[in-house]
Structure formats: C-alpha cells, structure tokens
Amino acid sequence: MNSPIHAPSPPSSSSCSYNRPPPCLTHASRNFKSPLLLPQAIRTSQKMYRCSGGHVETSSNTNPLKNYVVGKNTSGWFETQPLVSEQLAKRCLLPVEALVTPTVQDFSDTPLIGDDKIGVLLLNLGGPETLEDVQPFLFNLFADPDIIRLPRLFSFLQKPLAKFVSVLRAPKSKEGYASIGGGSPLRRITDAQAEELRKSLWAKNVPSKVYVGMRYWHPFTEEAIEQIKRDGITKLVVLPLYPQFSISTSGSSLRLLESIFRDDEYLVNMQHTVIPSWYQREGYINAMANLIEKELKGFDCPEKVMIFFSAHGVPLAYVEEAGDPYKAEMEECVDLIMEELEKRKITNAYTLAYQSRVGPVEWLKPYTDETIVELGKKGVKSLLAVPISFVSEHIETLEEIDVEYKELALNSGIEKWGRVPALGTEPTFISDLADAVIESLPYVGAMAASSLEARQSLVPLGSVEELLAAYDSQRRELPPPVLVWEWGWTRSAETWNGRAAMLAVLLLLFLEVTTGEGFLHQWGILPLFR
Ligand SMILES: C=CC1=C(C)c2cc3[nH]c(cc4nc(cc5[nH]c(cc1n2)c(C)c5CCC(=O)O)C(CCC(=O)O)=C4C)c(C)c3C=C
Ligand SMILES: [Fe+2]
C-alpha cells in the first residue's frame, strides 16, 4: 500500500541537492468527518456555546467526543470560539475567578475553589516496571474487552484467552522492555506530568489535586479513585493523556470509570467532566511544532528532511466497523501541525503511518515499517520520526522507533535519521493542559443526568456516561480485533471459522490442563488420562 506522502512546497534555494519526493499521493483530509455522526440538526462546522440560566450545556459539532461545544443564549444558538471558557464563563456561567479562593492555598491539604475541592484525574495506559511485571501487565491489557473484543457468546473466554495470549506475547515484550532498561518509564513520566500540571494549575490560581489512574498497571485507576474519595474531591476533571480519542485507549479507560462510578454512591454524587481529546488545542499543536522545528535544525539540509509522523495503530475494524474517530483525529492533528509549521515557513514533505501492530488482523495502514522501506526505495535520504499519539517516552518510542525503525531505515537507503522527543513535561504543553482543565471547569456537573435538555444534547465535553452513551448509540458491533473472523460461507470465513474452532479447542485443553478445571474434568474425562 502506498503511503500518503505530502510533497513539500518548492524548496527554498539551498546549496543542498534535493531528491524531490514523489508528488502527493493522497491527502489527509482536513474536512474528513468522524464516522461518529451526530443527528444532522446539530452537526455543524461552527463551534458554539450554549448558555442558559446561569449554567452551560454543551453539544458537539462533528463528533460526540470532541471538545467543542454548542451554545445557545436565550434567543437561540450562537457561534463562538472553541472552549475558551474564561471569557465564556465571565459572560454567562460560573465565572472561574468567582470560584477561586486563593487564600486556601496556604493552609488546606486538599485545595478548595469556593466550596469545591477540585481534582484532575489523568488517565494513561500504564506499563510494567520490572520484567516480572510484563506478563501480568499483558494479561490485564488483553483481558480488556476494548482490546480483545469477543462476541458476547464467547465472553466467558476473555480471561482464559488473555492468559493464553499474554503468555505467548510475554517473551517478545520482555525483550523489548529489557532493552530499554528493564521496565517502562511511563509511570515516572506520568507522575512528573501530574506534578507539573498541579504546579501550573496553582500558578494559574486554580488550586487542584492531580491524580494518575493507569488502565493496566500501577497506580490503577481504581487506586486513584479511592484516593479521590479519601480527599473528598467534589469536582473532578477527567483528562486522558492521549491527544486523540480511540476506543482502545481513552474509550477503554472511560468505560472502566463508568463502571466504577455506577456502583459508588460517593462518585454518583461527585460532579465530573471529561476532556475526551485535545489534539486540536493550539498549545499542544505549537508545542509539537516547536519540537519538530528544533529537531529539523539538527540536520545538515533541514528543508530536505521528510517529516515522518508515526502513530500507534489500531485494528482497521475499530475505525471501519466500530466508528473509532482515531484515524480522522490523527489526520486532522497532523494537518494542524503542518499548518503551524507552514506559518513558520517550514514546508517539508511529510507522511503519516501507523506502528506497533499486534496479532493477525489488518491494522490501520500504511504501516510504519513498510512505509520506511518504500521511502528508502523512492530515494528519500533524511527522515525525522515524530511520535504523534504519545506524550511520553515508552517502549514504542525508545525501542520500536529508536532501535527497530532506525535500523530498518538505515538498511533501506535512508542516510540521516532523527527523532522528535515525546512532549513529557515540556512547559508549553503542560501549561496548555492546565488551560484545558480550567476551561472545562464551568462544565463540571453542568450536564447532570437529571437535566432533560442536557440529556437531549450530545455532549462532547461531558460526563463519562453521556460520552459513552453518545458513542455507543452510534457504534456498530465491533468484531474481535486480535482474533477476528467472518461468519458465513465465504472462503475467508471458512478459514477463520476453522482456525477459531481449533483455537477454542486448544485453548480449552490448555486451560483444563493448567487449571485442573473445566468441562472435561467436570465430566470426569480428563482425570482418566492422568
Ligand atoms: C494511542 C496510543 C495507543 C493505542 C491506540 C494503543 C492500542 C493498542 N495497543 C495494543 C497492544 C499493546 N500495547 C502495548 C503497550 C502500549 N501501548 C500504548 C499506547 C497505545 N496502544 C502504550 C502507551 C503502551 C505502553 C508502553 C510502555 O512503555 O509500557 C503492548 C505491550 C508492549 C508490547 O508488547 O508491544 C501491547 C501488547 C493493542 C492490541 C491496541 C489496540 C487494540
Ligand atoms: Fe498499545
């Protein structure tokens, strides 16, 4: 498959010889709308706020998971800018300043804004801290129905299958983690981001506590929630540390939160809001552009460097079958960064590809490895890799990009290789995250489930339940991503059905033998063989 290479504007005069990349093959569409479609009536390219009677209600423009809001004054809907709510808050809702009680900062353990204790929950994936953690970490990951999605009939196989796949995958993963020092740096970096965000919020007069909740390893989301309850937080902003939304990342964490919230009286009453994706924020785009601009300067002929955006992939079925907005958001994000670079007179060729695929199914294309080889064949000599779906260094940047893809590139004819670091605690980025939190505060709890109007509007910046409900109402059944098969009598279906049946039989046997429990033991068959 051809990679969507975007040719540069004519190179500025330079003494460097220029191997012009091929012309633009495809374009990441700026106007591509997410498959998560809203009712036509409220789908609009305009960004609007809704203010009514001293509180705000929000609704999406193109996608229920974007943090644009739709607004209405007493006389109807009006257009305004995307979620710059300090100004908005002044005009029509809970003024941010009025909520702040700066003196509290000096003596309170849990900071207060007005009568509220504000908390920010950062969601991330988590990573094994030692090599012994790798297999149990992988088990947690594959036991997630948003990662391996089985048909309902087979959901009882989720955990056994997770055990099976995690044991199979562990040796390869361990090798990777061993090569980056024996564990993932994700926890350390996320903790540092949390601390910097906390400082930035205090500096902006919004005293808050910041928590880290990981999906598959310590500190687990459940632990963070317990701490939030102990601290008596009354307003919570949920901020996934993934710039772009995917079912497999932010979606999975939100689904977990939903189940925790549903069963807990304290949490049912605690007001919260979610910032589901934030790739379009100016601060984030500027921070990425700054990093790229800086790294380009390290090349002898910066204008000849191909900017290679590499995003973590997802199985194709997530996007095509289940309506995951991930691909559309990724393409829009790349376009926004390139537009920002263009404003700075940086008009390099660029392309976007997807890395880190796992399992036998088709993932989002073009694949990073295939694209690198293709670029080498086309005569590209200098490549700057930009990890685009991550905001911290981890195995996919430190091992996969820095070691595997670099080696592949150098073996494919690419002579100069560079890589943009992940954002980490870069100050522009952290400050922008703090602004995102502050801008979301007026919306915390504004979409109470009891409000009929709120329920009727689709809320991009909304509660966990409402976001998932909006998402679920649009989604179709997701085929199992890692062990996908088609039912029916097509050739491919026969192959996959056969493989699936074989796999199920093998799995059941494996489980029987390893756990000593199962149908064969129940029926008294297996012990006969012992
Ligand atoms: C935007 C980021 C990510 C998406 C989308 C994503 C989807 C996804 N990942 C797997 C399987 C694995 N992911 C693993 C590690 C891992 N993945 C991400 C990010 C995204 N995953 C992160 C931040 C990490 C942690 C890295 C660390 O330093 O620990 C792993 C384990 C590592 C390995 O063996 O490669 C697996 C496996 C699937 C199946 C998937 C979508 C369905
Ligand atoms: Fe992953």
Side-chain angles (χ1 to χ4, degrees), residues 122-131 133-150 161-162 165-190 193 214-218 240-253 276-279 309-319 321-322 324-327 329-330 333 354-364 368 387-404 422-424 478-484:
L122 299 180
L123 299 174
N124 211 337
L125 190 126
E129 285 162 71
T130 67
L131 293 186
D133 296 342
V134 171
Q135 189 272 323
F137 159 77
L138 290 174
F139 172 83
N140 293 341
L141 185 122
F142 291 121
D144 177 0
D146 282 312
I147 292 285
I148 295 187
R149 199 168 183 88
L150 294 172
L161 194 58
V165 180
S166 63
V167 168
L168 278 184
R169 173 87 189 171
K172 185 176 188 297
S173 289
K174 274 188 186 176
E175 234 178 82
Y177 284 109
S179 77
I180 61 163
S184 170
L186 204 56
R187 179 180 190 164
R188 182 176 41 78
I189 297 168
T190 312
Q193 288 169 326
M214 300 292 197
R215 182 66 181 88
Y216 307 119
W217 206 246
H218 301 279
L241 277 180
Y242 308 98
Q244 308 84 7
F245 183 94
S246 167
I247 301 165
S248 58
T249 53
S250 311
S252 164
S253 281
S277 65
W278 37 269
Y279 65 90
F309 293 94
S310 187
H312 197 300
V314 294
L316 189 62
Y318 278 59
V319 173
E321 308 284 331
D324 196 335
Y326 184 71
K327 180 173 183 276
E329 294 195 0
M330 194 61 71
C333 179
Y354 295 90
Q355 65 176 82
S356 318
R357 62 188 188 276
V358 185
V361 297
E362 194 178 355
W363 282 50
L364 278 184
T368 295
I388 180 82
S389 45
F390 318 114
V391 293
S392 18
E393 300 294 348
H394 49 71
I395 193 166
E396 267 90 6
T397 55
L398 299 171
E399 203 274 329
E400 205 171 351
I401 298 185
D402 287 354
V403 181
E404 288 180 38
L423 283 164
L478 180 64
V482 176
L483 298 162
V484 75

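Numbering of ligands and ligand atoms starts at 1, following listing order. The first residue of the sequence shown is numbered 1, and numbering continues consecutively from there.
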Can an N or O of Y318 be found at a distance shorter than 3.5 Å from an N or O of ligand 1? no

Side chain, backbone, both or neither: which part of E396 has a heavy atom under 4.0 Å from ligand 1? side chain

Atoms of ligand 1 less than 4.0 Å from F137 heavy atoms? 31 (C)

Judged by non-hydrogen atoms, does G359 sit under 4.0 Å from ligand 1? no

Min side-chain heavy-atom separation F139-V165 under 4.5 Å: no

Checking side-chain contact (heavy atoms from CB on, under 4.5 Å) between R215 and each of D144, L123, T249, I147, which is the one that passes? D144

Between N124 and L241 (side chain of the first, backbone of the second, donor and acceptor by atom type, cut-off under 3.5 Å), is there such a pair? no

Side chains of F137 and L125 in contact at under 4.5 Å (non-hydrogen atoms): yes

Stepwise side chain to side chain contact (heavy atoms under 4.5 Å, CB included) test for L161 and F142: CA-CA 8 Å; L161 194 58; F142 291 121; over 6 Å; no

Note, D146 side chain near S248 side chain (heavy atom, < 4.5 Å): no

Listing by chain and number, which protein N, O or S atoms are under 2.8 Å from the Fe ion (ligand 2)? H312 NE2

Mode of S356 contact toward ligand 1 - side chain, backbone, both, neither (heavy atoms, under 4.0 Å): neither

Contact atoms of ligand 1, heavy-atom distance to P128 under 4.0 Å: 29 (O)

Is W363 touching ligand 1 with its side chain, its backbone, both, or neither, if touching means heavy atoms under 4.0 Å apart? side chain

Hey, does Y354 have a side-chain heavy atom less than 4.5 Å from the side chain of K327? yes

So is there a nitrogen or oxygen of S173 less than 3.5 Å from a nitrogen or oxygen in ligand 1? yes

CZ of R188 to CD of E129, rounded to nearest 0.5 Å, is 10.5 Å

Minimal non-hydrogen separation, S277 against F245, with atom names: CB-N, 3.7 Å

Before signing off on this row, confirm whether T249 and ligand 1 have an N or O atom pair separated by under 3.5 Å. no

Could you give the side-chain donor-acceptor pairs of residues 387-395 under 3.5 Å, partners two or more places apart or in another chain?
{"from": "S389", "atom 1": "OG", "to": "H312", "atom 2": "N", "distance (Å)": "2.7"}
{"from": "E393", "atom 1": "OE1", "to": "T397", "atom 2": "OG1", "distance (Å)": "2.7"}
{"from": "E393", "atom 1": "OE1", "to": "R419", "atom 2": "NH1", "distance (Å)": "2.9"}
{"from": "E393", "atom 1": "OE1", "to": "R419", "atom 2": "NH2", "distance (Å)": "2.9"}
{"from": "E393", "atom 1": "OE2", "to": "R419", "atom 2": "NH1", "distance (Å)": "3.0"}
{"from": "E393", "atom 1": "OE2", "to": "A422", "atom 2": "N", "distance (Å)": "2.8"}
{"from": "H394", "atom 1": "ND1", "to": "E396", "atom 2": "N", "distance (Å)": "3.3"}
{"from": "H394", "atom 1": "ND1", "to": "E396", "atom 2": "OE1", "distance (Å)": "3.2"}

Counting each atom of ligand 1 from 1 as listed, which ones have a heavy atom of V314 under 4.0 Å away? 5 (C)

So for ligand 1, is N124 a polar contact partner (N or O within less than 3.5 Å, distance only)? no

Would one find an N or O of D146, backbone or side chain, under 3.5 Å from an N or O of ligand 1? no

Any atoms of ligand 1 less than 4.0 Å from a non-hydrogen atom of S184? List them with their elements. 27 (C), 28 (O), 29 (O)

For side chain to side chain contact (heavy atoms under 4.5 Å, CB included), just list the numbers for K172 and R169, CA-CA rounded to whole Å, side-chain angles, deciding distance to a tenth of an Å, and then say yes or no. CA-CA 6 Å; K172 185 176 188 297; R169 173 87 189 171; 4.0 Å; yes

So, does S179 use its side chain to make a donor-acceptor pair with the main chain of G176 at under 3.5 Å? yes

Can you list the ligand 1 atoms lying under 4.0 Å from a non-hydrogen atom of G127? 29 (O)

S252 versus Y216: any side-chain heavy-atom pair under 4.5 Å? yes

Y326 vs L364 side-chain heavy atoms within contact, under 4.5 Å: yes

Any non-hydrogen side-chain atom of W217 less than 4.5 Å from a side-chain atom of R187? no

At a 4.0 Å threshold, what atoms of ligand 1 neighbour a non-hydrogen atom of F142? 37 (C)

List every atom of ligand 1 that sits less than 4.0 Å from any heavy atom of L141, numbering the atoms from 1 in the order shown and giving each element. 11 (C), 12 (C), 36 (C), 37 (C)

For ligand 1, which part of Q244 has a heavy atom less than 4.0 Å away: the side chain, the backbone, both, or neither? neither

With a 4.0 Å cut-off on heavy atoms, does W217 reach ligand 1? no

Looking at L138, which atoms of ligand 1 are within less than 4.0 Å of one of its heavy atoms? 31 (C), 37 (C)

